[in-house]
Amino acid sequence: MPIYQAPIRDYQFVLGELLDIYQKDNLAGFDEFDPELIDAVLQGVADFTTDIMLPLNGSGDVEGCRLQEGKVITPKGFIDAYQQYVDNGWATLTCDPEFGGQGLPEVVGVFATEMKTATNMAFAMYPGLTHGAYAAIHTHGSDKLKAKYLEKLVSGEWTGTMNLTESHAGTDLALLRTKAVPAGKDSFAITGEKIFISSGDHDLTDNIVHLVLARLPDAPDGVKGISLFAVPKVLVNDDGTLGEANALTAASLEHKMGIHGNSTCVMNFDGALGELVGEPHQGLRAMFTMMNQARLGVGVQGLGVSEIAYQNALAYAKDRIQGRALSGAKQAEQAADSILVHGDVRRMLLSQKAFNEGTRALMGQQALWIDEAERHSDPDLAKAASKLAALFTPIVKGFVTDQGFKACVDAQQVFGGHGYIHEWGMEQFVRDSRIAMIYEGTNGVQALDLVGRKILSDKAQTLQAWSGQVKQLIERNMGNEAMKPYIAGLMDAAGDLEKATGYIAENSAKNPDIIGAASMAYMQIFGITALAWIWARIAEKSLAVLSDGTDEAEFYQNKLSTAQFYMRYWAVQTRSLRKQVQAASEDIVAFDDKAF
């Protein structure tokens, strides 16, 4: 079975030092948290995920879910593990105390999610989707709807899903056909078929609250005519008890490449009763609350699985002996050296390490922006944080899952032939992490959203606001000799991002197809630059701590070494990607259809 050690010390560094969350007096509720409390929470999650969730990951993958007499049966051990999850209160961490939540900030919750995803991605999806349903109802639901569902969703007694996709439509929700007809008493009869519904049915809870996109009879065409409905698996009586089964079924289970322990269903709604969430024809607005929450969660999946894959690849590389270092034997007492001495193995492991640690800090920053948007006492600063979180959503979903998957492949490669064998766990990590590049909007769609909506439609105003933070970091360290390697790498990457942005802005006005052709390379430039910004900040903090003196000098020196590797190995890729944007995009657009 694969091993896992929760990166608690890294969480402490990101939360307490890099983001300094314990000094955020202008964020509502943050004064109630201290390092001891947060450390205890994270350690509790670490113990649960390592002891309970991890042992079920491989067995759940082999057994998978099965559909039996119209009901989904989850793998052995999932029911007991989920009950322990609920009993321990892990479902309530970041939810509103008014509905039974603990009110912890998203910047803490994101790391709890990383540990859950690392140890059992399929299992973690059940409560993960529930939190998204909670967020949508909490933000857009009526008081009646909140009273009906939120306490049960917060506690984990009930779970939730999101139902968007239809077989003929895919990403194009304008083609959606599911209908909602008024059925009296503020209820609607929902009829239609949805596919790819994660956690669509299971035996973990007595009820599942499906959030379903559908059209009312008077709905206008296109996405402006979509409404959102809360449709329970089992109808809820006025006193809160469960009543009759609703008219919906899991018609089939998808046979998937990975995440076998999670039930991905085709859902049929045959006049199922539901209630409106938000205003009529404003369903996308409400659903995007859930989707943006999910996109952060999917990005964390890219990180979490990459982290456990790296930990196992590193342990294997230290233990596996094969060949000798090119410079001569390093472990002469053994028949061969460990494969950690080989340059290409070191390259793969260092690439994973630099990505994981940098991305962990970036995820923390993204979550903190979300917290600031919701909790900041200054409305203008809250709005600015909200815009930054929106700008970075395609990065934390698209770029992170792209690179997280590649990191899993590298980790598998370290194992050689053993990486292809199930018992080591590596091939499961590759299969499981692959879906993160597809669902919640494919990464190509994320890249298009980044360029088309977040950059061009915004006239790059939010990008300029973030670039201002990058420039401030550079300017305050220009005279610091020790920071030069990190600042130089950041400046080069930021320069390439600026030039790529300018090229797209200028040329897309003449030929909009340039946007689609250039967007993926652009997203990679942006993501690599964002991590360069993060690593420069990490280096700045580490140098300051070492200058003041510390008993953990090795920890901070390790950060500096990794930051240097990132700048020399990762950050330099922006140059070739920028050339792809500037040159290859025109070739993509101009290529003759008949030549394919």
> Between K397 (side chain) and G441 (backbone), is there a donor-acceptor pair under 3.5 Å?
Replying inline: yes

> Could you walk me through whether N246 and F269 pass the side chain to side chain contact (heavy atoms under 4.5 Å, CB included) check?
Replying inline: CA-CA 9 Å; N246 208 349; F269 296 87; over 6 Å; no

> How far does CG of L173 sit from CG of L284, to the nearest 0.5 angstrom?
Replying inline: 6.0 Å

>> I'd like to know if the side chain of S227 reaches the main chain of H281, judged simply by a donor and an acceptor atom lying under 3.5 Å from each other, with no hydrogens or angles considered.
In response: yes

> How about S263 and S198: do any of their side-chain heavy atoms sit closer than 4.5 Å?
Replying inline: no

> Can you check whether D458 reaches L391 side chain to side chain, under 4.5 Å on heavy atoms?
Replying inline: no

> Do W424 and Y316 have ring centroids that are under 6.0 Å from one another?
Replying inline: yes

> So K256 and T264, side chain to side chain donor-acceptor pair (under 3.5 Å) or not? Walk me through it.
Replying inline: CA-CA 8 Å; K256 302 168 297 186; T264 305; 2.8 Å; yes

> How about F392 and F526: are their ring centres within less than 6.0 Å of each other?
Replying inline: yes

>> Does K454 form a salt bridge (Lys or Arg N to Asp or Glu O under 4.0 Å) with D449? I'd like the steps, not just the answer.
In response: CA-CA 6 Å; K454 307 300 169 56; D449 175 62; 2.8 Å; yes

>> Testing the basics here: between A317 and V414, what is the closest heavy-atom pair and its distance to 0.1 Å?
In response: CB-CG1, 4.1 Å

> So, does T359 use its side chain to make a donor-acceptor pair with the main chain of N356 at under 3.5 Å?
Replying inline: no

>> Looking at every heavy atom in both A436 and N443, which two are closest together, and how far apart are they?
In response: O-OD1, 4.1 Å

> Using 30° and 60° as the class limits, which term best fits the ring planes of Y126 and F123: parallel, tilted or perpendicular?
Replying inline: perpendicular

> Hey, are E114 and R360 close enough for a salt bridge, meaning a charged N less than 4.0 Å from a carboxylate O?
Replying inline: yes

> Can R537 be said to sit on top of W533's aromatic six-ring, NZ or CZ under 6.0 Å from centre and within 45° of the ring axis?
Replying inline: yes

> How about F591 and F596: are their ring centres within less than 6.0 Å of each other?
Replying inline: yes

>> Closer than 4.0 angstrom, basic N to acidic O: yes or no for E279 and R285?
In response: no

>> Against M125, only a single residue in I435, N120, N262 fulfils side chain to side chain contact (heavy atoms under 4.5 Å, CB included); can you say which?
In response: N262

> Ion pair present between E166 and K194, side-chain N to carboxylate O less than 4.0 angstrom?
Replying inline: yes

> Do H168 side-chain atoms and L175 backbone N/O form a donor-acceptor pair below 3.5 Å?
Replying inline: yes

> Hey, is the main chain of A389 close enough, under 3.5 Å, to the side chain of Q366 for a donor-acceptor pair?
Replying inline: yes

> More than 12 non-hydrogen atoms from neighbouring residues, nucleotides or ligands closer than 6.0 Å to CD on E498, yes or no?
Replying inline: no

> Under 6.0 Å from the CZ atom of R177, do we count more than 12 heavy atoms belonging to anything else shown?
Replying inline: no

>> Is there a side-chain contact between V209 and T161 in this structure, where contact means two heavy atoms from C-beta onward sitting under 4.5 Å apart?
In response: no

> Any donor-acceptor pair under 3.5 Å linking the side chain of S457 with the backbone of G452?
Replying inline: yes

> For Y522 and R578, does a side-chain donor sit closer than 3.5 Å to a side-chain acceptor?
Replying inline: no

>> Listing request: all side chain to side chain donor-acceptor pair (under 3.5 Å) pairs with a residue in residues 586-596, at least two apart in sequence or in separate chains.
In response: Y503-E586

> How far apart are the closest heavy atoms of A250 and V72, and which atoms are they?
Replying inline: CB-CG2, 4.5 Å

Which pairs would a plain distance check flag for residues 425-433, meaning a side-chain donor or acceptor within less than 3.5 Å of a matching protein atom at least two apart in sequence or in another chain?
unit_1, atom_1, unit_2, atom_2, d
E427, OE1, R431, NE, 2.7
E427, OE1, R431, NH2, 3.3
E427, OE2, H422, ND1, 2.6
E427, OE2, R431, NH2, 3.0
Q428, NE2, N57, O, 3.3
Q428, NE2, N57, OD1, 3.2
Q428, NE2, D432, OD2, 3.1
R431, NH1, D61, OD1, 3.2
R431, NH1, M257, O, 3.0
R431, NH2, D61, OD1, 3.4
R431, NH2, D61, OD2, 2.8
D432, OD1, I259, N, 2.7
S433, OG, F429, O, 2.9
S433, OG, V430, O, 3.3

> Are any of the side-chain nitrogens in K71 or D201 under 4.0 Å away from the carboxylate oxygens of its partner?
Replying inline: no

>> Looking at N511 and D513, would you say the former's side chain and the latter's main chain have a donor-acceptor pair under 3.5 Å?
In response: yes

> Is there a side chain to side chain contact (heavy atoms under 4.5 Å, CB included) between L228 and V212 once you walk through the steps?
Replying inline: CA-CA 6 Å; L228 182 65; V212 185; 5.7 Å; no

> So, S585 side chain and Q582 main chain: donor-acceptor pair closer than 3.5 Å or not?
Replying inline: no

>> Do K233 and H202 make a side-chain contact, defined as non-hydrogen atoms from C-beta onward lying under 4.5 Å apart?
In response: no

> Rounded to the nearest 0.5 Å, how far does CG of L340 lie from CG of L314?
Replying inline: 6.5 Å

> Is the shortest side-chain N to carboxylate O distance from K499 to D496 below 4.0 Å?
Replying inline: no

>> For K353, is the NZ atom crowded, meaning more than 12 foreign heavy atoms sit under 6.0 Å from it?
In response: yes

>> Taking G516's backbone N and O only, do any of them form a donor-acceptor pair with S519's side chain (distance below 3.5 Å, no angle check)?
In response: yes

> Taking T119 for the side chain and M115 for the main chain, is one N or O donor matched with an acceptor at less than 3.5 Å?
Replying inline: yes

